[in-house]
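Single-structure report; data block below.
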Amino acid sequence: MTITSPHLGSSDAWTDARLLFALEEVVEKELNRHLKVAKDWMPHDYVPWSDARNFPGFFEDGEAWDPQQSKVTDLGKIALVVNLLTEDNLPSYHHEIASLFGRDGAWGTWVHRWTAEEGRHGIVMRDYLLASRAVDPDKLEQFRMAHMSEGFESDNRHSMLHSVAYVAFQELATRVSHRNTGHQSGDPVCDRMLARIATDENLHMVFYRNLLGAAFEIAPDLTMQSVRDVVVNFRMPGHGMPGFERAAAQMAIGEIYNMRIHHDDVLQPVLRYLKVLEIDGLGPEGLKAQEELGLYMGGLDSEAAKFDEKLAARKARMAARL
């Protein structure tokens, strides 16, 4: 990668526009790699259409939804709704990244490709839920309308580097959430579908993680500050949906996504791969951000240990009642 302007080594000189230009070659390289390894798949191949039947309303022979029709566990239902509502906000996500990264060149090609791949996730999940009657279809649509009507604004829309850092972690968080939901769903068909989605999410994480690594090479101090800010203030994109806090608590107890998983399976893998806490040669602001990031991770690990103890105690109490 070539940086044509030598003065850009200064943190003060890095604007979003200059960073986008400087990283264009990396984006093109990662895009080409992604297109070689990504496999096209058909959402309809993962849906149990033979289980489907009409709902009442327009159809006279429609059968009303009943909780007993679902093969999915109660925990699986909660997580599936959260995961789908998160995917439903794709139009807002596309607007955010297209506005930030642009619609031209390699950046634009990636933005549109990412959006197209993510679109499959919402399609297949909704089709699965409706065909299998896994959740109440009326409530699902009501939640979707409420969530999307609120709109979505990224916490990191002010900065291109913050946005790249965020999605590097968020894509992995989504992969983990989908995969664990599949394991806890109680339905092999659901597990297979979510495994397919998780594969996509992992490839998206690799793209952004590698892009973040390149950003560390050209603007280490600013990138370190961005990573620090994102990690310390991380929120999942679905945080604004109806009932999210209660659902998140249930998913934490059910070990689909909690503090320990966030630390061990989301933050640590990216930080370790990029050796973020080992980067040297930083300026004062970068070094300060690195130290604060290390302290935060240590504190999060301690809090996760407390959560682990409480969860183990809860399991012991529940086992004693059986």
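One is the number of the first residue; the rest follow in order along the sequence.
Atom OH of Tyr273 sits in a sparse spot, with 12 or fewer heavy atoms from other residues, nucleotides or ligands closer than 6.0 Å. Within 6.0 Å of the CD atom in Glu292, the count of heavy atoms belonging to other residues, nucleotides or ligands exceeds 12. Within a 6.0 Å radius of CG in Asp104, no more than 12 heavy atoms belonging to other residues, nucleotides or ligands are found.
Tyr257 and His262 have tilted rings, their planes meeting at an angle from 30° to 60° on a 0 to 90° scale.
Every residue two or more places apart in sequence or in another chain was checked for a salt bridge (Lys or Arg N to Asp or Glu O under 4.0 Å) with Arg175, and none qualifies. The salt bridge (Lys or Arg N to Asp or Glu O under 4.0 Å) search around Arg133 returns none, not counting sequence neighbours. Residues satisfying the ring pair (Phe, Tyr, Trp, His ring centres under 6.0 Å) test with Trp107, not counting sequence neighbours, are Phe101. In this structure Gln290 satisfies the side-chain hydrogen bond (donor to acceptor under 3.5 Å, both in side chains) test with no other residue, sequence neighbours excluded. Qualifying side-chain hydrogen bond (donor to acceptor under 3.5 Å, both in side chains) partners for Asp308, counting only residues two or more places apart in sequence or in other chains: Arg260. Under the salt bridge (Lys or Arg N to Asp or Glu O under 4.0 Å) criterion, Lys315 pairs with Glu255, sequence neighbours left out. Every residue two or more places apart in sequence or in another chain that forms a side chain to side chain contact (heavy atoms under 4.5 Å, CB included) with Asp200 is listed here: Trp41, His121, Arg196, His204. Listed by chain and number, the residues in a salt bridge (Lys or Arg N to Asp or Glu O under 4.0 Å) with Asp138 amount to none (sequence neighbours excluded). Judged as a side-chain hydrogen bond (donor to acceptor under 3.5 Å, both in side chains), and not counting sequence neighbours, Asp66 has no contacts.
Panel note: side chain Asn156, backbone Ser163; no donor-acceptor pair is recorded below 3.5 Å. Formation of a donor-acceptor pair under 3.5 Å by the Ser177 side chain with backbone atoms of Ala173 is not found in this model. The closest donor-acceptor contact from the side chain of Trp49 to the backbone of Ala131 lies at 3.5 Å or more, if one exists at all.
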Problem - Val81/Met241 under side-chain contact (heavy atoms from CB on, under 4.5 Å): CA gap, chis, key distance, verdict - result: CA-CA 10 Å; Val81 171; Met241 69 180 59; 5.9 Å; no
Exercise for the section: Output, in order, the C-alpha distance, side-chain angles, deciding distance and verdict of side-chain contact (heavy atoms from CB on, under 4.5 Å) for Ser92 and His95. Expected result: CA-CA 5 Å; Ser92 290; His95 174 75; 5.6 Å; no
Problem - Residue pair Met297, Leu271: steps toward the side-chain contact (heavy atoms from CB on, under 4.5 Å) verdict - result: CA-CA 10 Å; Met297 290 299 294; Leu271 295 176; 3.8 Å; yes
Practice task
For the pair Glu30 and Arg33, evaluate salt bridge (charged side-chain N to carboxylate O under 4.0 Å, His left out) and give the outcome as yes or no after the intermediate values.
Solution key: CA-CA 5 Å; Glu30 290 302 316; Arg33 180 199 54 75; 2.8 Å; yes
Exercise for the section: I would like to know whether Trp14 and Leu161 meet side-chain contact (heavy atoms from CB on, under 4.5 Å); could you show each step before the answer? Expected result: CA-CA 10 Å; Trp14 283 118; Leu161 274 181; over 6 Å; no
Practice task
Determine, stepwise, if the pair Glu117 / Arg113 fulfils salt bridge (charged side-chain N to carboxylate O under 4.0 Å, His left out).
Solution key: CA-CA 6 Å; Glu117 292 185 4; Arg113 173 72 188 199; 2.6 Å; yes
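Counting only heavy atoms from C-beta outward, the side chains of Met160 and Leu20 approach each other to under 4.5 Å. Residues Asp40 and Arg120 form a side-chain contact, since some pair of their non-hydrogen atoms from C-beta on lies under 4.5 Å apart. Two residues are said to be in side-chain contact when any heavy atoms from C-beta on lie closer than 4.5 Å; Leu80 and Thr181 meet this criterion. The side-chain heavy atoms of Leu194 and Ser185, taken from C-beta on, include no pair separated by under 4.5 Å. Residues Met148 and Asp88 meet the side-chain proximity criterion, which asks for heavy atoms closer than 4.5 Å. You'll find the side chain of Val167 stays beyond 4.5 Å of the side chain of Phe207, heavy atoms only. Side-chain contact between Asp155 and Tyr166 is absent, with no heavy atoms from C-beta onward closer than 4.5 Å. Side chains of Thr174 and Thr86 form no contact here, defined as non-hydrogen atoms less than 4.5 Å apart.
Residues Leu100 and Leu90 fall within the same hydrophobic cluster, defined by Ile, Leu, Val, Met, Phe, Trp and Tyr side chains chained together at heavy-atom separations under 4.5 Å. Residues Leu211 and Val266 are members of one and the same hydrophobic cluster, defined by side-chain heavy-atom contacts under 4.5 angstrom among Ile, Leu, Val, Met, Phe, Trp and Tyr. In this structure, Val227 is a member of the same hydrophobic cluster as Leu277, with clusters built from ILVMFWY side-chain heavy atoms closer than 4.5 Å.
With rounding to the nearest 0.5 angstrom, the CZ atom of Phe216 is 6.5 Å from the CG atom of Leu274. We find the CG-CZ distance between Leu23 and Arg18 to be 14.0 Å, quoted to the nearest 0.5 Å. For the atom pair Arg103 CZ and Ile97 CD1, the distance stands at 9.5 Å (nearest 0.5 Å).
Using a 4.0 Å cut-off between charged side-chain N and carboxylate O, Glu291 and Lys288 make no salt bridge. Ion pair Lys306/Glu303 flagged as a salt bridge, since at least one NZ, NE, NH1 or NH2 atom sits closer than 4.0 Å to an Asp/Glu carboxylate oxygen.
Grouped by direct or indirect side-chain proximity (heavy atoms under 4.5 Å, Ile/Leu/Val/Met/Phe/Trp/Tyr only), Val37 sits with Leu203.
Residues Ala198 and Arg179 come closest through the heavy atom pair CB-CD, 4.0 Å. Among all heavy-atom pairs drawn from Ala22 and Ile218, the shortest one is CB-CD1, 3.8 Å.
For residues 162-174, no residue pair satisfies the salt bridge (charged side-chain N to carboxylate O under 4.0 Å, His left out) rule, not counting sequence neighbours.
Taking the six-membered ring wherever Trp is involved, the centroid distance between the rings of Tyr208 and Phe169 does not fall below 6.0 Å.
The closest side-chain donor-acceptor pair between Asp127 and His44, if any, does not fall under 3.5 angstrom.
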Side-chain donor/acceptor pairs under 3.5 Å, residues 70-79, sequence neighbours excluded:
| unit_1 | atom_1 | unit_2 | atom_2 | d |
| --- | --- | --- | --- | --- |
| Ser70 | OG | Val72 | N | 3.1 |
| Ser70 | OG | Ala134 | O | 3.0 |
| Lys71 | NZ | Asp51 | OD2 | 3.4 |
| Thr73 | OG1 | Gly76 | N | 2.9 |
| Thr73 | OG1 | Gln184 | O | 2.7 |

